[in-house]
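What follows is a short report on a single structure.
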Amino acid sequence: MTARQGRTINKTGVIGLIALLSVLMVSALAVIYSKNYSRSIFIEIERHERALDRYEVEWGQMQLELSTLAEQNRVEAIAREKLKLVMPPRESIIYIKP
């Protein structure tokens, strides 16, 4: 082996080492970016889940309010008080069969 061959092997080894370190750095940066992106997506998912929970609670409250407002005795009381409606006499009610 000549001195020239030794330098060539040495230069090739150095270039290979630099290439290996470059790939390692790119890989490390990709892992860091991936972790950061994953965390930001997780935070966004958590935010949307909290909003969904609030909407579900609000929907439940509205369902309860709807059932309260639609009760027959309440509707009948409002019809009597505000609209001055009265129940017609029994003989004037006509029943229609489906």
With sequence neighbours left out, what residues match [X] under side chain to side chain contact (heavy atoms under 4.5 Å, CB included)?
X     : result
Ile15 : none
Glu56 : Leu52, Asp53
Ile41 : Tyr37, Ile45
Ala51 : Arg54, Tyr55

Q | Side-chain donor or acceptor of Ser34 paired with backbone N/O of Ala30 under 3.5 Å | A | no
Q | Selection residues 78-91 - residue pairs positive for salt bridge (Lys or Arg N to Asp or Glu O under 4.0 Å), sequence neighbours left out | A | Glu76-Arg80
Q. With sequence neighbours left out, which residue pairs that include part of residues 30-50 fulfil the salt bridge (Lys or Arg N to Asp or Glu O under 4.0 Å) condition?
A. none
Q) Counting heavy atoms not belonging to Glu71, are there more than 12 under 6.0 Å from its CD? A) yes
Q) Could you state the interatomic distance from CG (Asn10) to CG (Leu17), rounded to the nearest 0.5 Å? A) 10.5 Å
Q.
Starting from Ile93 and following side-chain heavy-atom contacts under 4.5 Å between hydrophobic residues (I, L, V, M, F, W, Y), which residues can be reached?
A. Tyr95
Q: Give the other cluster members for Ile96, using side-chain heavy-atom distances under 4.5 Å between Ile, Leu, Val, Met, Phe, Trp and Tyr residues; answer none if it is isolated.
A: none
Q | For Arg74, all residues meeting salt bridge (Lys or Arg N to Asp or Glu O under 4.0 Å), sequence neighbours excluded | A | none
Donor-acceptor contacts, no H, no angles, side chain residues 61-69, under 3.5 Å, sequence neighbours left out:
from: Ser67; atom 1: OG; to: Gln63; atom 2: O; distance (Å): 3.4
from: Ser67; atom 1: OG; to: Leu64; atom 2: O; distance (Å): 2.8
from: Thr68; atom 1: OG1; to: Leu64; atom 2: O; distance (Å): 2.9

